[in-house]
4 protein chains.
Amino acid sequence: MFLIDVQSKTPIFEQLKKQILEFISIQVLSPNDKLPSVRSLASQLGVNPNTVAKAYQELETQGYIYTVKGKGCFISDNDTDAQIRLEKMKEFKDKVKEMKKYHIGKDGLYQTINEVYEEEYHD
Amino acid sequence: MFLIDVQSKTPIFEQLKKQILEFISIQVLSPNDKLPSVRSLASQLGVNPNTVAKAYQELETQGYIYTVKGKGCFISDNDTDAQIRLEKMKEFKDKVKEMKKYHIGKDGLYQTINEVYEEEYHD
Amino acid sequence: MFLIDVQSKTPIFEQLKKQILEFISIQVLSPNDKLPSVRSLASQLGVNPNTVAKAYQELETQGYIYTVKGKGCFISDNDTDAQIRLEKMKEFKDKVKEMKKYHIGKDGLYQTINEVYEEEYHD
Amino acid sequence: MFLIDVQSKTPIFEQLKKQILEFISIQVLSPNDKLPSVRSLASQLGVNPNTVAKAYQELETQGYIYTVKGKGCFISDNDTDAQIRLEKMKEFKDKVKEMKKYHIGKDGLYQTINEVYEEEYHD
DNA sequence: GTGGTCTAGACCACA
DNA sequence: GTGGTCTAGACCACT
């Protein structure tokens, strides 16, 4: 279910966070679903448990998941998926602003969007 | 001319690289223009010369500038500005792909682009 | 394992790079092998950690090794040894072209090769 | 007659030395021929006179040219061309040794030599 | 005066 | 403990 690239420049715990958020956004993980335990996920991915713990901790701080002592971590139930997409839209807007800074015309951006959305769905 | 945020999480030398690329892209810096000397830029920004040197060196290995020992660093002359915009478009495409992964519709993206590009130009 | 000549005109970090490439080429270092840590190699060679780090960083940008933060540096896994030999052959070809420019006959070159390759293997 | 690449990593004075040696080797410049004056060559190439002077000085130290005060620099007359080719052969031998270190077979080297020497002559 | 290399030593993020 | 970034200050080669 989770895929990690240890050679990537982005820290493992960030990769994990991102994937969990993705799963929430597309409702593969729904409110009150249980996340795998830190230790099981760590051993499954072959990474340090501290790394998984860090990802979970940050997600909790940001309100996307909640922890029940002795039971595990669960997806929050406050429109979490909508929040995530809002967050992503903000990132997108920042990217667009950057494009504008480089004097890149909006037509090129439209075209790129169309290209991407016309492709078949794949990972 | 150059602005650095020492508080930022992104390394100083990366901020510098980005700004130089921006200036090339919008042709504030044109092929064979001379960049400020490592030492002068460093003292002007209040950072260590090594930091500026690192930015320049990376830009050189990436082919955006060239160095003449004893004379200084200069903007490369092979359509560097076009190359940079291409690179940026690639980044944008990746971002759009990410949006698609999160099941965000393309209409929202269009709208965001319009918002950004309708604003007055500012830094 | 590594030998550095601090007197040499060629920079220490270049000497290091060369030796590492040599070891990869003759498969003393194989894909995914771990390189010595920056600090340990530095102290072993009696040089500054920054110097070793620079060598590693350049090897990484050239694609010969990859870095996993918090774990160390490792040999890349894409036929790195073959790539290095190809690179070396290119250097050799350039040298031969130079010889031709100086109007040196190819017979002399053959002879030199035979001399070198008939000697016993040594460092 | 002389060609300089200011963007090259090899210092200008080295490029100059190399070209002069090349011309001696192929007898475009013969013993007792006069070299262009420091100032004329410098202005012709658009480089600093000190740079040309440095090239000449090193060539004199190495015995390839001699200076007559108030008259100029001249090619030495002691089989200079043969000496240069010897020097070049030494460089070639070092390169071959390097190839051997990387465990590159001699057959590949033969082949490369043939390729180069079969090409038409060009710069 | 220009960039290139190096040292000594520091702090941080990641695992 | 690992590499990444940064500072302060030094020496060298090239122009």
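So that the names make sense, note that chain A is the first sequence line, chain B the second, and so on, each numbered from 1.
- The interatomic distance linking C/F74 (CZ) with F/dG1 (C1') rounds to 12 Å, in whole Å.
- In the interface, the side chain of B/R39 is paired with the base of E/dG3 through a donor and an acceptor atom under 3.5 Å apart.
- Protein atom CG of A/D5 is 16 Å distant from nucleotide atom P of E/dC14, rounded to whole Å.
- Look at E/dC14: its Watson-Crick or wobble partner, with both distances under 3.5 angstrom, is F/dG1.
- For F/dC14, the OP1/OP2 oxygens have a side-chain nitrogen or oxygen of D/K54 closer than 4.0 Å.
- Ion pairing between D/K101 and D/E98 fails under the 4.0 Å rule for side-chain N and carboxylate O.
- Between E/dC6, E/dG4, E/dA15, one nucleotide has an atom nearer to the side chain of C/F13 than all others, and that is E/dC6.
- Residue B/K71 has its side chain nearest to F/dT15 when only F/dT5, E/dA15, F/dT15 are considered.
- Rounded to whole Å, atom P of F/dG4 lies 12 Å from atom CG of C/L59.
- At the heavy-atom level, C/N48 lies under 4.0 Å from base atoms of the strands shown.
- Judged as a side chain to side chain contact (heavy atoms under 4.5 Å, CB included), and not counting sequence neighbours, A/S43 has no contacts.
- Comparing E/dG4, F/dT15, F/dT7 by their closest approach to the side chain of B/T51 singles out F/dT7.
- For B/Y66 and E/dG4, the OH to P distance is 14 Å, given to the nearest whole Å.
- Between A/K9 atom NZ and F/dT2 atom P the separation is 17 Å, expressed in whole Å.
- Comparing atom distances between the C/I12 side chain and each of F/dC6, E/dG4, E/dT7 picks out E/dT7 as nearest.
- When rounded to the nearest whole Å, the span between NZ of B/K17 and P of F/dC6 equals 12 Å.
- Nearer to the 5' terminus of DNA chain E, by closest-nucleotide assignment, is the contact made by B/Y56 (compared with the other of C/V47 and B/Y56).
- The interatomic distance linking B/E60 (CD) with E/dG3 (C1') rounds to 10 Å, in whole Å.
- Between C/Q83 and C/N78, the shortest heavy-atom contact is NE2-O, 3.2 Å.
- Minimum atom distance to the side chain of B/N50 is reached by E/dT7, of the listed E/dT7, E/dG3, F/dC14.
- Counted by atom type alone, B/N32 and B/Y66 present one or more donor-acceptor pairs between their side chains at under 3.5 Å.
- For the OP1/OP2 pair of E/dT2 and a distance below 4.0 Å, the side-chain nitrogens and oxygens of B/S37 include at least one atom meeting the criterion.
- In this structure, D/F23 and D/F2 have perpendicular ring planes: the angle between them is above 60°, well past the 30° mark.
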